[in-house]
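Working notes for the structure below.
Nothing fancy with the numbering, it's 1 onward along the sequence. All ligand and atom numbering here is 1-based and tracks the order in the structure. Quantities reported herein were computed from a predicted structural model and do not represent experimental measurements. Hydrogens, waters and symmetry mates play no part in the numbers below; they use all other heavy atoms, side chains included.
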Amino acid sequence: MLNKTNMKRIFLSPPHMSGYEQKYINEAFETNWIAPLGPNVDAFEKEIAEYVRANDAVAVSSGTAAIHLALSLLDVKKGDLVFCSSLTFVASANPIIYQRAEPVFIDSEPDTWNMSPQALERAFHDAINEGRLPKAIIVVNLYGQSAKMDEILSICNHYHVPIIEDAAESLGSTYKGKPSGTFGRFGIFSFNGNKIITTSGGGMLISNDTVALKRARFLATQARDPAPHYQHSSIGFNYRMSNILAGIGRAQLEVLNGRVEARRFVFERYYKELSHFPGFYLMSELENTRSNRWLTALIINEAEAGVSAGDVLKALEIENIEARPVWKPLHLQPIFQGARYYQHSESESISEQLFKNGICLPSGSNLKEEDQLKVINCIKDVINNSSKERDVIHI
Ligand SMILES: *Cc1c(COP(=O)(O)O)cnc(C)c1O
C-alpha cells in the first residue's frame with residue numbers, strides 16, 4: 001500500500017469523451033432545450049435505431065428504466081414469473097421486483113458465460129408442469145459477448161414467451177452479423193459512465209414494435225392522457241433522457257465503432273501476454289459473434305495457475321489498479337434469497353464457478369499502452385513469485 005496516494009489509479013472502464021460532445025451541448029443551451037425532450041433526444045433515438053437497424057428507440061434516464069418500461073409494456077405484474085440470467089448486474093433483475101413479479105434465475109453455460117439453454121429448457125419444463133409460464137425472459141450479453149441467441153430464441157418461441165435482451169454491456173457487438181440488442185421483443189442499452197459509450201447516465205429501449213414504443217414514451221413521461229388538463233388513467237414514470245445528455249450520446253455514438261476496435265485491441269494484448277500461462281482462460285468469443293469486449297474477463301484456475309483470482313485482485317489493488325471479480329450471481333444475493341435457480345446441469349453451477357474464479361481487467365478504450373503493460377506486469381509478477389515459492393517448498 002506504500003505509494004498508493006501518489007500513484008495514478010488505473011480504472012476498470014472510465015468514460016472516454018470524443019471531443020465532439022460540447023458542440024451538441026452548446027446547441028442545447030443556445031436553443032434553450034434544457035429539458036427531458038428536444039432535438040438531441042429525437043435525433044439520438046433515430047441514430048441509435050439506425051445503428052442497430054431497429055424500427056424505433058426511446059431514450060430514457062437509465063438502462064434500468066428501460067428494463068422497467070419493457071416489463072411494464074409486457075404487462076408483467078404481481079404473481080407473474082420472469083426468467084432472468086443469474087450472472088449479471090443487479091439492475092437486470094431489480095425491475096422484476098419493482099413490478100412485484102417473481103424472478104427465476106437461470107445459470108450460465110461455459111462457452112459464452114450467458115444464459116444456459118439447457119437450464120432454460122428445464123425451467124420451462126417445470127413451468128409447464130406447474131401451469132405457470134413466465135411472462136418474459138431477460139437475457140443478458142455479459143461483457144459484450146452475445147448469448148446463444150438461436151438456441152434461446154427457439155426455446156422461447158416454442159413457448160411463445162417474449163425476450164427482453166439486456167444489451168447494456170453489448171452495444172456494438174453482433175451475433176451472426178445482426179446487432180446485439182435486436183433479438184428480443186425489446187432490447188435495452190445503458191449509457192452509464194462505465195459503459196462502452198456514455199451520456200454520464202442514460203439508457204435506450206429499442207424494438208421493432210413501434211406501437212409499444214409509442215406507449216413507452218407515454219409511460220416514461222408520467223402517462224399523461226391526451227387532455228388539456230392533467231389527467232392520468234395509468235401510473236407513469238419520469239424516465240425520459242435530458243436533451244443535454246442526449247447531445248453527449250450523439251457525439252459518443254459517432255465514435256462507437258472506434259471504441260469497439262480499441263476495446264478489442266486491449267483484449268488482444270491481454271490475450272497475447274496472459275493466455276499462455278497455465279490456468280489462465282480469457283473469455284472466448286463464440287463463433288459467428290463479434291464482441292465489443294466491453295471488459296476483458298478471464299478465469300484463473302487456481303489448481304493449474306498456482307495463484308487465485310483473489311491473489312491477482314489483491315496485487316492489482318496494491319498497485320492502485322482497479323480490477324473486479326465477475327458479477328456475483330443474483331441467486332446468491334441476499335435480496336433474492338429464496339428465489340428459484342436452475343443450474344446448468346445437476347452437478348454444475350457455472351455462474352458460481354465463474355464468480356469464484358473470474359476477474360475483469362482494466363479495459364477502457366482510452367487505456368494507455370504503458371498502463372496496460374503495468375497491469376500485465378503486475379499479474380506476471382504474481383505468477384512468478386508464486387512459482388518461486390513453490391520451488392522453495394519443493395527443495
Ligand atoms: C449497466 C447495466 C445495467 C443498468 O444500466 P444503468 O444505465 O446503469 O441503469 C443493466 N444490466 C447490465 C447487464 C448492466 O451492465
Side-chain angles (χ1 to χ4, degrees), residues 11-15 36 44 48 57-72 82-99 103 105-106 108 112-115 136-147 149 163-173 180-181 183-184 186-206 216 220 237-242 245-246 248-249 252-253 263 283 291-297 324-331 333 335-336 351 354-355 358 360 363-364:
F11 290 103
L12 187 71
S13 181
F44 188 36
I48 284 276
V58 178
V60 291
S61 52
S62 70
T64 313
I67 298 171
H68 192 192
L69 285 169
L71 291 172
S72 301
V82 176
F83 293 177
C84 180
S85 303
S86 187
L87 189 64
T88 181
F89 181 47
V90 71
S92 301
N94 273 344
I96 303 171
I97 307 299
Y98 303 164
Q99 291 299 94
F105 293 110
I106 312 291
S108 303
T112 69
W113 301 15
N114 290 308
M115 187 178 277
I137 314 294
I138 300 174
V139 181
V140 179
N141 303 311
L142 220 52
Y143 306 129
Q145 169 60 58
S146 292
M149 281 301 171
I163 290 175
I164 299 166
E165 190 181 0
D166 179 349
E169 302 177 2
S170 62
L171 178 60
S173 302
S180 194
F183 287 82
F186 298 103
I188 76 97
F189 298 120
S190 166
F191 309 113
N192 193 8
N194 62 348
K195 295 301 188 330
I196 190 154
I197 60 170
T198 182
T199 59
S200 74
M204 194 72 78
L205 175 66
I206 62 159
F237 312 101
N238 184 4
Y239 273 173
R240 285 292 257 166
M241 181 183 278
S242 136
L245 302 190
I248 299 174
Q252 288 271 291
L253 185 58
R263 294 211 184 224
M283 187 180 194
S291 171
N292 67 11
R293 293 291 187 193
W294 173 56
L295 295 184
T296 291
R324 291 283 174 89
V326 306
W327 300 123
K328 177 169 183 170
L330 298 187
H331 72 273
Q333 296 287 355
I335 52 169
F336 294 122
S351 62
L354 291 168
F355 173 56
C360 300
S363 306

Per-atom contacts of ligand 1 with [X], taking only distances under 4.0 Å to non-hydrogen atoms:
X    : result
A168 : 2 (C), 3 (C), 10 (C), 11 (N), 12 (C), 14 (C)
S190 : 1 (C), 5 (O), 6 (P), 7 (O), 8 (O)
G202 : 7 (O)
N192 : 8 (O)

Ring centres under 6.0 angstrom apart (H331, F336): no
Hey, are [Y] and [X] close enough side-chain-wise for a donor-acceptor pair under 3.5 Å?
X    : Y    : result
S173 : S180 : no
S13  : N194 : no
S108 : N114 : no
S92  : D166 : yes
E165 : N141 : yes

Would S92 count as a contact residue for ligand 1, given that I'm defining contact as a non-hydrogen atom of the residue lying under 4.0 Å from a ligand atom? yes
Atom pair CD1 (I137) and SG (C84), whose distance is rounded to the nearest 0.5 Å: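 So the gap between those two atoms works out to 9.5 Å.
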Look at the rings of F189 and F191 and say which category their plane angle falls in: under 30° parallel, 30 to 60° tilted, over 60° perpendicular.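 Tilted: the ring planes of F189 and F191 meet at 30° to 60°.
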Protein heavy-atom partner closest to [atom] - residue, atom, separation in Å:
atom                   : value
atom 1 (C) of ligand 1 : K195 NZ, 1.6 Å
atom 4 (C) of ligand 1 : A91 CB, 3.5 Å
atom 9 (O) of ligand 1 : T64 OG1, 2.5 Å

Heavy atoms only: which of I67, D166, N141, T88 lies closest to atom 11 (N) of ligand 1? D166
Polar contact flag for [X] and ligand 1 (N/O pairs, less than 3.5 Å):
X    : value
G63  : yes
E169 : yes
W294 : no

Quick one: does L12's side chain get under 4.5 Å of C360's, heavy atoms only? yes
Which bit of S62 gets closer than 4.0 Å to ligand 1, counting heavy atoms only: side chain, backbone, both or neither?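 Both backbone and side chain.
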